[in-house]
Amino acid sequence: MAAEGARPGPGPGSGPGPLCPDHGQALHWFCCSERRLVCAACAGLGGRCRGHRIRRAEERAEELRNKIVDQCERLQIQSTGISKYMAEVLPGKNLRVVSMASAARELVIQRLGLVRSLCESEEQRLLEQVHGEEERAHQSILTQRVHWAGALQKLDSIRTSLVDMLTQLDDLQLLQKEQEISERTEEAEGILDPQESEKLNFSERCTWSPLLTQLWATAVLGSLSGMEDVHIDERTVSPFLQVSDDRRTLTFSGKKSKACADGPERFDHWPNALATTSFQAGLHAWIVNVQNSCAYKVGVASSQLPRKGSGSDSRLGHNAFSWVFSRYDQDFRFSHAGQHEPLGLLRCPARLGVLLDLQARELLFYDPALGTVLHTHRAPFRGPLFPVFAVADQTISIIH
């Protein structure tokens, strides 16, 4: 280096090559300030590059070679990631779209079959939306495939170009290609890695229809064949509750009953009870008479719901194992996992219909008197699920 004023001597190796236009000497040095090859005279005390940072040409060339090797390794890793994305992720996305689109079609056709006379046009509209969503998802996947195929082609071209420079150019030629190397490197760095995108997924929202949900709930709860014969499991009933002989009515008692034998299934603190029947698949519906109670909870719970203690673990709606519609005076809520969603109801329902569609992953609460949906919860459920009840005022009864 000549940064301190030392005059560089002749460079190592004297083979043929371009000469300095000013001094006629071989270009064995590289000026880092001007980023060009220079001769010893240019780099000397009286030369135009005096005081500049000077490197031997072969040293600078070696740095560039190392840079190319590193870049080629990064390009290989990036190409491998993109190839894996195209081979593993995109086909899976495509299969998922096909599967979900098929399930959506079945759901739409099944529900509209119950109310076809009222909503033929709705069926057609929804099927078109499913088809449109499927086409959109397919197109998004196709666009991704084309994009990343182009990216792979570009990366391969850049890598080939850099490898050619690395293997075919001598030091001086390589140094003269430094700008092109930088440009090619920047071009490669501009190709980002694949990222997860909702655009590649099938959106189930295309089957959501207030009209369809309303008519479907009315049809199910209005059909005797769609109703479940639900009974209370006496082994689970809290000592603060009394169960009727037909095991359909629960009555709250302020005093803890001493007649209840404790067992692993029984709730020992909160006024809860489970039904005898559990559901793991299909469509299920039942109606509960709640007109006499100002404090109750109705919904579903997993068999994993804890039964013992006064903590939130066994309190309905305060854990991950229960999904309930609740009333306390004039406060109505949907509760799950400690999240309580207020429901602005204008009147207190006298009867509460519950629909559980495990295929569609829906839990729906319905007012049969008004024919209105009070709340819909959509989420994956881990079965088996039991109808669950809690009463802290008067009585509630399961209607057969």
Side-chain angles (χ1 to χ4, degrees), residues 217-218 220-222 224 226-260 266-277 284-301 305 307 314-318 322-336 340-356 363-377 386-400:
T218 302
V220 171
L221 291 173
L224 292 178
M227 299 296 294
E228 299 289 341
D229 189 13
V230 176
H231 293 84
I232 303 298
D233 186 347
E234 294 177 296
R235 299 172 301 170
T236 68
V237 175
S238 163
F240 291 99
L241 298 178
Q242 296 178 0
V243 61
S244 62
D245 291 339
D246 64 1
R247 294 182 293 130
R248 295 185 186 277
T249 299
L250 289 170
T251 303
F252 176 72
S253 173
K255 295 183 179 181
K256 190 173 184 178
S257 173
K258 297 181 180 180
C260 292
R266 190 177 303 283
F267 295 95
D268 66 355
H269 179 81
W270 299 107
N272 303 340
L274 290 176
T276 55
T277 307
H284 310 276
W286 57 98
I287 297 178
V288 183
N289 186 333
V290 294
Q291 64 180 338
N292 296 324
S293 179
C294 292
Y296 63 83
K297 294 180 181 179
V298 174
V300 295
L305 177 67
R307 315 292 175 88
S314 56
R315 189 178 182 186
L316 299 186
H318 289 256
S322 55
W323 299 258
V324 294
F325 176 100
S326 66
R327 176 189 177 184
Y328 184 76
D329 288 337
Q330 300 303 309
D331 181 26
F332 296 88
R333 297 182 178 184
F334 172 78
S335 300
H336 170 64
H340 310 286
E341 183 177 346
L343 306 177
L345 305 188
L346 299 179
R347 65 183 295 275
C348 302
R351 294 183 175 187
L352 186 64
V354 184
L355 280 79
L356 177 64
L363 175 64
L364 184 148
F365 299 96
Y366 181 83
D367 185 342
L370 295 180
T372 57
V373 175
L374 304 178
H375 183 72
T376 301
H377 179 73
F386 293 80
V388 69
F389 314 90
V391 193
D393 174 64
Q394 300 294 324
T395 66
I396 63 172
S397 300
I398 304 167
I399 299 176
H400 179 57

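Since the structure is predicted, the reported quantities are computational estimates derived from the model, not experimental observations.
The ring pair (Phe, Tyr, Trp, His ring centres under 6.0 Å) check on His269 picks up nothing, with sequence neighbours excluded. Applying the salt bridge (charged side-chain N to carboxylate O under 4.0 Å, His left out) test to Asp331 and every residue at least two apart in sequence or in another chain returns Arg333.
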Passes side chain to side chain contact (heavy atoms under 4.5 Å, CB included), Leu316 versus Leu305? Steps please. CA-CA 9 Å; Leu316 299 186; Leu305 177 67; 3.6 Å; yes
Checking Arg266 against Val237 for the side chain to side chain contact (heavy atoms under 4.5 Å, CB included) test, could you report, in this order, the C-alpha distance in whole Å, the side-chain angles of both residues, the deciding distance, and whether it holds? CA-CA 6 Å; Arg266 190 177 303 283; Val237 175; 4.1 Å; yes
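Within the 4.5 Å cutoff, no side-chain heavy atoms of Val230 are placed close to those of His284. Considering only heavy atoms from C-beta on, Val354 stays 4.5 Å or farther from Pro387 through its side chain. Lys256 is not listed as a side-chain neighbour of Ser238, based on a closest heavy-atom distance of 4.5 Å or more. Counting heavy atoms from C-beta on, the side chains of Arg327 and Leu345 never come closer than 4.5 Å. Looking only at side-chain heavy atoms (C-beta outward), Tyr296 and Leu250 stay at 4.5 Å or farther from each other. The shortest side-chain heavy-atom distance between Pro349 and Phe365 does not fall under the 4.5 Å cut-off. Residues Arg347 and Asp367 meet the side-chain proximity criterion, which asks for heavy atoms closer than 4.5 Å. Under the 4.5 Å side-chain criterion, counting only non-hydrogen atoms from C-beta, Val324 is not in contact with Phe334.
Here the straight-line distance linking atom OG1 of Thr376 with atom CG of Leu364 works out to 4.0 Å at 0.5 Å rounding. Atom CG in Leu241 sits 8.5 Å away from atom CD1 in Ile396 (nearest 0.5 Å). The line from CD of Gln291 to CG of Leu352 is 12.5 Å long, rounded to the nearest 0.5 Å.
A donor-acceptor pair is defined here as one N or O able to donate and one able to accept, closer than 3.5 Å; such a pair exists between the side chain of Ser293 and the backbone of Asp393.
Nearest heavy-atom pair across Ser322 and Gly317 is OG-N, 2.7 Å. Contact between Gly371 and Tyr366 at its shortest, heavy atoms only, is CA-OH, 3.0 Å. Among all heavy-atom pairs drawn from Ala350 and Asn289, the shortest one is O-OD1, 3.4 Å.
Each of Ile398, Thr236, Asn272 was scored for a side-chain contact (heavy atoms from CB on, under 4.5 Å) with Phe389, with one residue passing: Ile398.
Relative ring orientation between Phe252 and Phe240 is described as parallel, the plane-to-plane angle staying below 30° on a 0-90° scale split at 30° and 60°. The aromatic rings of Trp323 and His336 lie parallel to each other, their planes meeting at an angle below 30°, with 60° marking the opposite boundary.
Residues His375 and Phe325 keep their aromatic ring centres 6.0 Å or farther apart.
A salt bridge links Asp229 with Arg248; the closest basic N to acidic carboxylate O contact falls under 4.0 Å.
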